[in-house]
Novice: 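I am attaching a structure below and will ask some questions about it afterwards.
The basis for the numbers below is simple: all heavy atoms, side chains too, and nothing from hydrogens, waters or symmetry mates. A quick note: this is a predicted structure, and the numbers were derived from the prediction, not measured. Atoms within a ligand are numbered from 1 in the order they appear, just like the ligands themselves.
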Amino acid sequence: MNFYDTEKILALLEKHGYSPVKSPEEADFVAVNTCSVRQHAEDRAVAFLSSHQYLRKQGKFLCMLGCTANLYGEKLLQKYPFIDIVCGAGNYERLPELLRNRKRKVWVTGDSTHPFIDIPVANSGNVSAFVTVTKGCENFCSYCVVPFTRGKLKSKSPETIYEEIKKLVEQGVKEIVLLGQNVNEYGNDTGIRFTEILEKIASFEGILRLWFLTSHPKDMPDELMASFKNMPKLYKHLHLPLQSGSDRMLKLMNRKYTVERYLEIIEKVRTAVPDISITSDIITGFPSESEDDFWKTVSVIKEVKFDDLFVFKYSERPGTSASMMNDDVPLTEKERRHKTILDIQEAISIERNRRFTGKTDSVFVLKKSRKKREGFFIGRSSSNKSVLFESFGSHPGTLEKVVFTSADRHYLYGYSCEEDKKQRLLLQEQE
Ligand code: SAH
Ligand code: SF4
């Protein structure tokens with residue numbers, strides 16, 4: 001979401017005559033677009049600006065943008081004297097004006113009538129692009145700061161989404177990833193179904209691959225599950241955050257589903273699409289999480305066998321209802337649980353990736369591999385796995401038939417079938 005916003009902010013500022021530079025030393029304004037979902041992200045943003053405060057003596061301005069700006073507003077200017085401009089996510093249309101005025105200690109945050117920046121991003125040369133379809137969230141999971149920083153759910157109109165995608169297609173984009181805190185709630189405020197949007201985008205000729213994230217298990221409609229089967233352009237990959245395998249924890253987290261319901265969804269999608277990749281998010285050490293709660297989570301992880309997991313140590317966020325609870329799991333214990341899950345998942349991920357060895361798949365070519373010598377490419381398999389494959393003639397933004405020969409934690413390895421054909425012809429000629 002932040003990556004997408006940053007591209008949009010760049011496009012907005014370029015429209016107002018600003019241009020990006022390669023280092024903070026060359027800039028008039030240094031801005032950090034912040035995330036505040038966990039304390040660590042916030043700390044890193046502040047540390048970055050703090051380490052560049054010497055630039056202010058040279059007349060430069062330091063700006064804090066994004067969710068941390070929303071969360072603390074004016075207080076940031078008092079707490080960190082080296083910050084000059086604070087501008088929240090959702091107020092970016094005011095940013096050019098703030099920069100033009102060249103005033104220090106100014107801030108703008110809060111709800112906006114223009115939550116989406118309606119300017120096409122610059123051509124990045126990439127064949128894949130993000131497109132935000134919703135802003136905000138009203139689910140109030142008890143640990144989560146997003147409803148406080150991004151405000152109420154707002155769905156982008158279908159016309160705006162299609163226009164944005166058409167412009168990206170003109171720039172050579174062939175893969176679209178639709179973003180929302182819970183895309184399953186797209187249209188709750190406007191009456192339009194998310195699958196309607198998906199179907200329409202899949203009908204665009206220029207688009208070869210499509211994906212969306214994130215889905216909330218509390219609202220997982222059957223028609224969305226069916227789309228993995230019915231829409232060939234859609235990656236067979238569902239990211240469905242579980243957070244915990246203990247019903248007691250899920251209740252305290254205000255997640256509004258049970259482990260049983262979660263497992264029911266997994267079974268349904270796997271029955272419809274046996275090859276589907278399933279990934280998830282887990283939080284360790286939520287207030288009052290006992291050893292028993294933790295092992296319940298481990299047990300679900302072992303049962304589901306996720307393709308991959310994003311595991312986070314619980315981080316208390318200001319204003320959330322969990323921040324009123326006693327954060328009683330010591331950091332060392334949060335870390336131990338975090339590491340235990342990562343270790344268990346590592347073996348499962350390798351096993352899940354190796355199930356493709358020996359199989360052939362249609363891989364979306366993203367780019368040439370920089371690490372490997374000439375003739376290696378990076379792509380995504382039809383179940384959204386990262387692929388490193390050998391081929392001399394591949395082009396980013398196309399689909400390539402690839403045979404998988406091995407796999408590890410992060411990649412499927414293989415070679416292009418075309419390459420195989422070429423090599424065999426070459427051998428025949430030599431014989
Ligand atoms: N909207 C998405 C997730 C947004 S944040 C959803 O509902 O799934 C991404 C992930 O960060 C969450 O799924 C959760 O696992 C983690 N997270 C959010 N707040 C957190 C907190 N306070 N401490 C630790 N992890 C957190
Ligand atoms: Fe946060 Fe829950 Fe909304 Fe996701 S659904 S953004 S975790 S409040």
Novice: Does a side chain donor of either Asn230 or Ser227 reach within less than 3.5 Å of an acceptor in the other side chain?
Specialist: no

Novice: Do the numbers put Lys218 on top of the ring of Tyr257, so that NZ or CZ is under 6.0 Å from the six-membered ring centre and no more than 45° off the axis?
Specialist: no

Novice: Applying a heavy-atom distance cut-off of 4.0 Å, which protein residues contact ligand 1?
Specialist: Val37, Arg38, Tyr143, Gln181, Thr214, Pro241, Gln243, Arg255, Asp281, Ile283, Phe312, Lys313, Tyr314, Ser315, Arg317

Novice: Is Arg193 atom CZ crowded by more than 12 heavy atoms from other residues, nucleotides or ligands, each under 6.0 Å away?
Specialist: yes

Novice: Looking at Asp327 and Lys334, is there a salt bridge between them, counting it only when a charged N and a carboxylate O are closer than 4.0 Å?
Specialist: yes

Novice: Is Arg104 positioned over the aromatic face of Phe61, cation under 6.0 angstrom from the ring centre and no more than 45 degrees off axis?
Specialist: yes

Novice: Hey, does the Lys NZ or Arg CZ of Arg352 hover above the aromatic six-ring of Phe306, less than 6.0 Å from the centre and inside 45° of the axis?
Specialist: no

Novice: Everything protein-side that's N, O or S and under 2.8 Å from atom 1 (Fe) of ligand 2: list it, residue and atom.
Specialist: Cys144 SG

Novice: Restricting to non-hydrogen atoms, name the atom on Arg270 and the atom on Ile278 that form the minimum distance, rounded to 0.1 Å.
Specialist: NE-CD1, 3.8 Å

Novice: Among Lys251, Arg248, Arg337, whose salt bridge (charged side-chain N to carboxylate O under 4.0 Å, His left out) with Asp293 holds?
Specialist: Arg248

Novice: Considering the heavy atoms of His216, write down every atom of ligand 2 situated less than 4.0 Å from one of them.
Specialist: 5 (S)

Novice: Does the cation-pi check pass for Lys385 over Phe356, that is, NZ or CZ under 6.0 Å from the six-membered ring centre and within 45° of its axis?
Specialist: no

Novice: Parallel, tilted or perpendicular, judged at 30° and 60°: which one describes the rings of Tyr411 and Tyr413?
Specialist: tilted

